[in-house]
Amino acid sequence: MQSDDTLARLGAVLESRKPANGGNPETSYVARLLAKGPDSFLKKIGEEATEVVMACKDADHGGDKAAVLYEVADLWFHSMVALAHYGLTPEQVVAELARREGLSGLEEKAQRNTP
Ligand SMILES: N=c1c2ncn([C@@H]3O[C@H](COP(=O)(O)OP(=O)(O)OP(=O)(O)O)[C@@H](O)[C@H]3O)c2ncn1[C@@H]1O[C@H](COP(=O)(O)O)[C@@H](O)[C@H]1O
């Protein structure tokens, strides 16, 4: 699927931006985040999540729905920087979603609460 390819390609670029792989904070935004350490991108994830909520609330009141897309893309991007830092990949997230496919959230919750 094309979206999977895009996520995989971006994941590979993020990996290449790690300090250990020669990422240069002078020329790369991602390398700068990774060199600064987790607080830098965790703060961005918090900000972007808030911006997603604000864009959705704006859309509820007649605002531009495209803004929701931009903000979700920012949130996904910064979350992917966190995945890279922790040695995880977007393919693993997709695999987890695939594992959940077809299992209702209500059903899963009921199974979880079963002693
Ligand atoms: N997808 C993205 C992407 N999405 C958002 N951003 C950057 O994320 C930053 C933060 O976004 P904000 O809207 O919060 O902007 P801001 O308020 O100016 O940010 P701050 O000053 O608070 O950091 C901006 O500089 C955006 O350009 C991204 N930067 C990079 N990528 C991808 O990552 C690849 C590697 O990027 P570099 O490492 O910079 O080469 C690129 O080729 C792209 O594919």
Side-chain angles (χ1 to χ4, degrees):
M1 194 199 303
Q2 191 196 347
S3 59
D4 284 2
D5 291 347
T6 304
L7 293 178
R9 279 196 306 275
L10 178 54
V13 171
L14 300 184
E15 186 65 25
S16 76
R17 299 300 200 250
K18 288 182 175 181
N21 295 331
N24 181 358
E26 296 298 320
T27 57
S28 157
Y29 172 73
V30 175
R32 196 170 295 180
L33 285 177
L34 291 170
K36 282 184 183 166
D39 281 2
S40 66
F41 51 81
L42 297 179
K43 180 168 169 273
K44 291 302 295 181
I45 290 172
E47 287 173 13
E48 302 302 351
T50 302
E51 285 171 22
V52 168
V53 173
M54 287 164 54
C56 290
K57 297 307 290 179
D58 284 349
D60 282 340
H61 294 92
D64 182 9
K65 286 186 187 170
V68 176
L69 293 178
Y70 300 138
E71 299 304 347
V72 169
D74 281 349
L75 178 60
W76 284 21
F77 165 70
H78 286 91
S79 298
M80 285 181 65
V81 174
L83 287 177
H85 174 79
Y86 293 106
L88 301 167
T89 66
E91 290 91 334
Q92 287 174 288
V93 177
V94 172
E96 173 58 18
L97 289 172
R99 187 189 67 77
R100 298 178 190 183
E101 206 168 3
L103 178 63
S104 157
L106 296 177
E107 198 183 322
E108 186 273 334
K109 197 166 183 177
Q111 287 174 4
R112 215 190 304 161
N113 293 337
T114 304

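This is a predicted model, so every value here is computed, not measured. Quick note: residue numbers are just sequence positions, from 1. First listed ligand is number 1; within each ligand, the first listed atom is number 1.
Using a 4.5 Å heavy-atom threshold, the side chains of Tyr86 and Pro38 count as touching. Here the side chains of Asp58 and Asp64 are not in contact, with every heavy-atom distance at 4.5 Å or above. Residues Val30 and Phe41 are not in side-chain contact: their nearest non-hydrogen atoms beyond the backbone lie 4.5 Å or more apart.
The number of heavy atoms from other shown groups lying within 6.0 Å of CG (Asp60) is above 12.
Ranking protein heavy atoms by distance to atom 13 (O) of ligand 1, first place goes to Asp74 OD2, 3.8 Å. In this structure, the protein non-hydrogen atom closest to atom 44 (O) of ligand 1 is Leu10 CD1, 3.8 Å. Regarding atom 31 (N) of ligand 1, its nearest protein heavy-atom neighbour is Phe77 CE1, 3.2 Å. Scanning all protein heavy atoms for the shortest distance to atom 39 (O) of ligand 1 gives Tyr29 N, 2.8 Å. The closest protein non-hydrogen atom to atom 40 (O) of ligand 1 is Arg17 NH2, 2.9 Å. When hydrogens are left out, the protein atom nearest atom 36 (O) of ligand 1 is Val30 CG2, 3.8 Å; that is the closest non-hydrogen contact. Nearest non-hydrogen protein atom to atom 34 (C) of ligand 1 is Val13 CG1, 4.0 Å. The protein heavy-atom contact nearest to atom 14 (O) of ligand 1 is Lys44 NZ, 2.6 Å.
Not a single heavy atom of Glu51 sits closer than 4.0 Å to an atom of ligand 1. Using a 4.0 angstrom heavy-atom cutoff, Glu48 counts as in contact with ligand 1.
Residue Glu71 forms a side chain to side chain contact (heavy atoms under 4.5 Å, CB included) with just one option from Leu69, Asp74, Leu75, and that option is Asp74.
Distance remark: protein heavy atom not present below 4.0 angstrom from atom 27 (O) of ligand 1. For atom 22 (O) of ligand 1, the nearest protein heavy atom lies under 4.0 Å away. Note that atom 6 (N) of ligand 1 has protein non-hydrogen atoms nearby, at separations under 4.0 angstrom.
Closest heavy-atom contact between Ala31 and Gly23: CB-C, 3.7 Å. Between His78 and Ile45, the shortest heavy-atom distance links the atoms O-CD1, 3.7 Å.
The side-chain hydrogen bond (donor to acceptor under 3.5 Å, both in side chains) check on Glu15 picks up Lys18, with sequence neighbours excluded. In this structure His85 satisfies the side-chain hydrogen bond (donor to acceptor under 3.5 Å, both in side chains) test with no other residue, sequence neighbours excluded.
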